Amino acid sequence: MAGLSAATALLLCVSGGVWAFIALRLNIATLTDSADNAVDFLSRTLPLDFPPAGELLSLIWQTLAIVVSATVLSVVLSVPLALLAARNTTPGAGARLASRGLIVLCRAVPEVVFAITAFRVFGLGGMTGVVALGVHSVGMVGKLYADAVEQTDEGPRTALRATGAGRLQQITAAVLPQALPSLVATALHRLDINLRASAVLGFVGVNGLGYALSTAITTLDYQRAMAIALVLLLLCFVAESISGAIRRTLLQDVTAVRRPRRPRPERKGARRDRRPGGTAPARPSSGATAATTAIATAASVAHGGTSVRRSLPRWDARRIRRTTWLVLTVALVVASALRSGLSWSTLRRGAESFFPTLGDFLPPGTGGIGDQLWADLWVTLQIALAGTLIGLVLALPLGTLAARNVVGSPRVARFFRTVILLVRAIPELVLAIVFVVVTGLGAVSGALALGVGSVGLLGKLVADSLEETDPGPARALVATGARRHQVFFGSVLPRAWPAVVGHLLYQLDVNLRSATLLGIVGAGGIGYDLLNAARVLQFPVVTTIVLMVLALVLLIEGLAVWVRKVYA
Amino acid sequence: MTAPAPTATAATATATATTGSPVTAGEPVIRLDGLTKRFGTGADSLLAVDDVSFEVRPGEVVALLGLSGSGKSTLLSLLDGLQAPTSGDGTVLGTALARADRSELRALRRRIGFVFQQFHLVGRLSVLENVCTGALGSLRGPRLGLLSYPRAVRERALDGLEQVGLAAHAFQRADTLSGGQQQRVAVARALMQEPGLLLADEPVASLDPESSAQVMRLLARVAQERELTVLCSLHQVDLALSWAHRIIGLRAGRVVMDVATEGIDRATVMRLYEEVAAGSAEGVAAAVAVGSAVPPRPAAAPGSVPAPAAASAAFTKGD
Amino acid sequence: MTAPAPTATAATATATATTGSPVTAGEPVIRLDGLTKRFGTGADSLLAVDDVSFEVRPGEVVALLGLSGSGKSTLLSLLDGLQAPTSGDGTVLGTALARADRSELRALRRRIGFVFQQFHLVGRLSVLENVCTGALGSLRGPRLGLLSYPRAVRERALDGLEQVGLAAHAFQRADTLSGGQQQRVAVARALMQEPGLLLADEPVASLDPESSAQVMRLLARVAQERELTVLCSLHQVDLALSWAHRIIGLRAGRVVMDVATEGIDRATVMRLYEEVAAGSAEGVAAAVAVGSAVPPRPAAAPGSVPAPAAASAAFTKGD
Amino acid sequence: SDNGSTSEGRDPDTLVVAAIPSENSTSLAQQYAPLVKLLKAETGKKVRMQKATSYAAVIEAQRAHKADIALYGPLSYVVAKDSGVDVKLSGALVTAKGAKPGYKSYGITRSGSKDINSLADFKGHKVCFVDPTSTSGYLYPQAGLLKAGVKAADYTKVMAGGHDASALSVASGDCDAGFAFDTMVDSDLIKQGKLKKGQLKTVWKSSEIPGSPAAVSTDLTASLQKKIVDAFLTKGNADYMESKGYCSGDGCMIDGNWGFAAVKDSDYDSVRAVCDATKDAQCKDGS
Ligand SMILES: Nc1ncnc2c1ncn2[C@@H]1O[C@H](COP(=O)(O)OP(=O)(O)OP(=O)(O)O)[C@@H](O)[C@H]1O
Ligand SMILES: Nc1ncnc2c1ncn2[C@@H]1O[C@H](COP(=O)(O)OP(=O)(O)OP(=O)(O)O)[C@@H](O)[C@H]1O
Ligand SMILES: [Mg+2]
Ligand SMILES: [Mg+2]
Ligand SMILES: O=P([O-])([O-])[O-]
């Protein structure tokens, strides 16, 4: 019954997308007509124009310091919030609702607004940037963390519950270790989103890569813009490959089947003598000695072959490598925190001016444009639905092809991961301008830009959640000789389904909020009003708009939570 | 791999285990009164545990037998407060299941060791850390990583691993262990609690005869040394006969047999598994009659675990 | 609940099963040549399967015995091409494991039924749909939802469920089944493939004696009817003796025993599990000697599965 | 909008008007509705208003013939024109009837700071700008500083992100001195209660920055271009539109202005001069 209504709700969403698609008069013909405009535009991005090396390096380090600090801040805030928000770890319905609400609030308020607010609290400087980026990031990180926690297998946790372990103990010992790969991957994913979002740092007096990028675009310096985008792309590649390496070591055995390699020539050495001639399928029947040898081996292996009893693992290569990584990461975080201007005095100043600043935003007001706000909210919803539908159509297959446990060939998966990463690295504004050039200013270019942009996020989320499914059942279907796509539909998808649907609704919510982008390209919508109200210092209107967006986002979030519960 | 640890003495054909552990006459450790668990509602609902009432005295070693799906796992999880009963009540170690609040349940669970049928290890953690988590109930605060456990706990966990023959695998990731190895880790984890009551759900299902016997011997020894009460679902009737004081048989969620192992013969117990259609209800009923009075354990009637090397002869009881 | 389905005839004390399934003299179904699997590298690496060479003829029913962690599961998964061997090679149903490409492996797997030790059901799907997925290899195109399977497949899946006594649970979610029920679903799924070779990893570990016997009878019957070759890891020596033609014993990844069940006695097989320390290496060696020639099955020497109601007497062979 | 092209030019059914609302408007209410009605009545076409905040998007839309009329800042016009977009001026906004179009940039510091009294004194201080695309918050100030002999290396440059942020940062002491446009300092922030009158002192005023222009695409047919220019210059003002009943009272102000006045391309040479002086990236032609 619940399943039926959940399916109906999802179907309604998809039809909403189709309807919006039609209502916005999105059609392929107009697209292809003006495609040469886009080609012409893109040709103006060449040759690339890089900033001088020294300047570039300092830009990178400055940006990286703030972005790393902001991401760490978001992780630190998100872990407890997510544990309160996840169905299986929350202490109660009240706490769950409150923390979900808080997470959604962080998401509903764009970084720009956080930046404007944080500027009034902390003044100019890196600290403000860290807070603005970090707090806004909680909206995504907290949500994905909560999802990851809900996704964990309940068995081990029940086992610890049965030992009388407390809630927190159960969580640290059974839930977090299971969710760890996902937590790390999400943090790194957010890191590269924040790298690009660092344009907002321009609002707080910090020059960084993102800001240099947006400045380059607004001054029509596309050669510089694409050069910086390329630098960002490389940084994202680094983040992605680190996250990939971590996923691989942490997830181990994700791939259903390792392709048999041709056997290497044996180096048997000592045991050669046991197989005279080496051709006959010699059973170890060659005598008592053979069996004895075998059993002796068993004994020595069973007892570890070593006499030292240790209660901590040996310092083998793996442990050394892991520890080195850990130390390096901690060092980077500390250096970043220092570089980004974290200090007690700014914190104190922040504490003093927090509430007065909050006062500027209250009570909410409409600035005399209440009707227009509602109309714009409607437009925004339309664009978001259409954009998400486009994203769905593009990202589902791409994300699926990028999951290593689905396609089997690591090379194919890596190729599609790269495609997704490339899409994510294209500056959104450039994407938007391309569509403006193709379709003109307005909702259509907004929806298209959102749709294509969705591939970067949704594709990755889909690929990740497919890779995280329990490999066991998939192995079982592989063992029946099922083809890859059959294994996918028979086992991987049913298991990942709640997560995929969750991500889809999350994308809708992201697109709804990306309305600021739409405002930029003249699509109208609530995002434009929000930016404009902030620009002309009408903070009560900002509050109203944030509340309106919040209501919509909460609605989607509620739908997502419910759907996940039904399909859990 | 994993030849049994040297602590187990397999040389003697029938290692006595629970020998001489008299059931003390104190308050029952478990007292169930019409305990019932129903899954689902309406026509499709299923009575997994149906009006179960029995008592278990301190020090008793009880085997829970029954067909697949007869409600053994569900009953055990009710006893640990992991699921709430639909109706009826039970008192375990002095705690009333249906009335206990969260902290009382936690305190109760701290005193009960539980071995899950599906092991439920944390796959990504090392074997040793998995065993250490068994001590969480007696530690304060959350733990993250092997290093966060006190050295004493780690040492004790290593001892436990040695006892189940897995010391060499201490630092292997739990999800790369073989089925039987995982099961033994689960046993070691439960024993880390130093429990007063052990609930074990088919703790030797995935084990070869030698490892099974080794684990059962271990449980029997611990039971005797620490005056532990044990309730253990099993599929091996011979093991149950030789090892337990008492057998409780379930069928479709109901207790249909409750007998002392002393003096009962294998055939009688096997009737528990007989087809219903075969009209053998009376047989089972007869068996139930045998066990209708909870047997006060004679001090000299211990179960013993057959050593693996023994041929079928070992399946006869006695030591 | 889940009383065994009426199709199983438990009334007869010893249901004949593999009786009269002569091993045909054709090409071996399995031929292994120094098959080896090593996990990890360097000092910590572990030889899970160590230089294993043997042959299995069409129609043979082989039990794979060994201590926990001796490499049974690893060997089975190598045979199904689910893991790649580190060295050595094997030919299964005419396909060379180390040389086969992806599509050849898939074609091979389509002809091999595999029952996993950990069942590996898709928890969120219904029991029936899980069984239906067993037919995927012989269907074209992806399937999503029970309705997407042809009616014939669903009917066959239902039959399979009936045979393992779970028809009543067809529409229950797989992850709410009891351990033993899940295991039987896994068996039904493997049989959906109508395989030429069945690899079963402890397919009755979580089952009570009646259900175990029922499942083994089923496998034996299918083996006979369809000329199926079976390689099945087991922990129940008696079951192996009564049901298989041949026993292969593993120890630390090595084959240390390879004997026909005909004429071997339980004690000899039990030596497989003996402690190394006890200096019994010769015993095992002797056993190995017994099995040095692969036994051509005499047509009249079938294994039989003891029915549950039978007492220990049933463990003697014959029908 | 690119349907109906003929040899004489495009004659689209719908006119697309792209607007970048200026930051010194104080109202959020419908700023362009009366103008849309006017254009509709005067050209007989459908009119679609597209508000955007990205200069780049609007300029590229014009270049690709996806926008027919643009309302934007002086610098945007200069960049568009000089980068080869086919546009011509059709007027610029003025705050009151008869006024000269334009506004000024202020150099500011705290009233209390005794040692800063001119741009030359900015040397050695932390100076707040708005952002590198701002005419009044960056471009003109740069030119002013250069003229006063202050080179980029002589002070610490901070981008505050907005005119308000720049002014407030000066007030709070985050910056020693800074720049913002005139009304932000003189009235907007004071009305908001964020600044007290007399808290900041103005130590420099820029030359008049030409007003925000309206530019029409020259690939439209000549007659259509003429209709549009006429509409802007003679009827595009609060008085006319109110008389026609398109609007009433304050609702007739266009983005806070009374209406349009005639301007020539050479009026924007001052912007070009400043660009030449500063050689700043934002003046580049973007290709
Ligand atoms: N992925 C892996 N990485 C490292 N070691 C492994 C891995 N898989 C298995 N092993 C080790 O290989 C050995 C053989 O395991 P396997 O699962 O084949 O044993 P088994 O005979 O099936 O045992 P059981 O009867 O307990 O199921 C064990 O010691 C196990 O710990
Ligand atoms: N969450 C659930 N929802 C619905 N039915 C359930 C649920 N859990 C268990 N059952 C059903 O309850 C019955 C008893 O299950 P239980 O796991 O207690 O059996 P069991 O005696 O442990 O069997 P086994 O020996 O196979 O492990 C089974 O028929 C099972 O399908
Ligand atoms: Mg069970
Ligand atoms: Mg195994
Ligand atoms: O409106 P400005 O370009 O002067 O910031």
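Throughout, protein chains are lettered first and strands after them, A, B, ... in sequence-line order, and every chain is numbered starting at 1. Heavy-atom basis, side chains included; hydrogens, waters and symmetry copies ignored. The model shown is predicted, which means the values in this text are computed figures rather than measured ones.
Closest heavy-atom contact between A:L168 and B:P142: CD2-CG, 3.7 Å. A pairwise comparison of heavy atoms in B:L121 and A:P156 identifies O-CG, 3.3 Å as the closest pair.
Using a 4.5 Å cut-off between non-hydrogen atoms, the part of residues 111-119 of chain B that approaches chain A consists of B:I112, B:F114, B:F116. At a heavy-atom cut-off of under 4.5 Å, chain B is reached by no residue from residues 89-97 of chain A.
The greatest number of non-hydrogen atom pairs below 4.5 Å with chain A, out of B:R151, B:M192, B:R106, B:R102, is found for B:R106. The most heavy-atom pairs under 4.5 Å with chain A, out of B:R110, B:H120, B:Q193, B:E155, come from B:H120. Top candidate by heavy-atom pairs under 4.5 Å with chain A, chosen from B:L82, B:T133, B:L144, is B:L82. Of the listed residues (B:L139, B:L199, B:L108), the greatest number of heavy-atom pairs within a distance under 4.5 Å of chain A belongs to B:L139. In terms of non-hydrogen atom pairs under 4.5 Å with chain A, the most contact-rich of B:G141, B:A107, B:G123 is B:G141.
The CG atom of A:L180 sits 9.5 Å away from atom CG of B:L125, with the distance rounded to the nearest 0.5 Å. Of the inter-residue distances, the one linking B:R124 atom CZ with A:L176 atom CG reads 11.5 Å to the nearest 0.5 angstrom.
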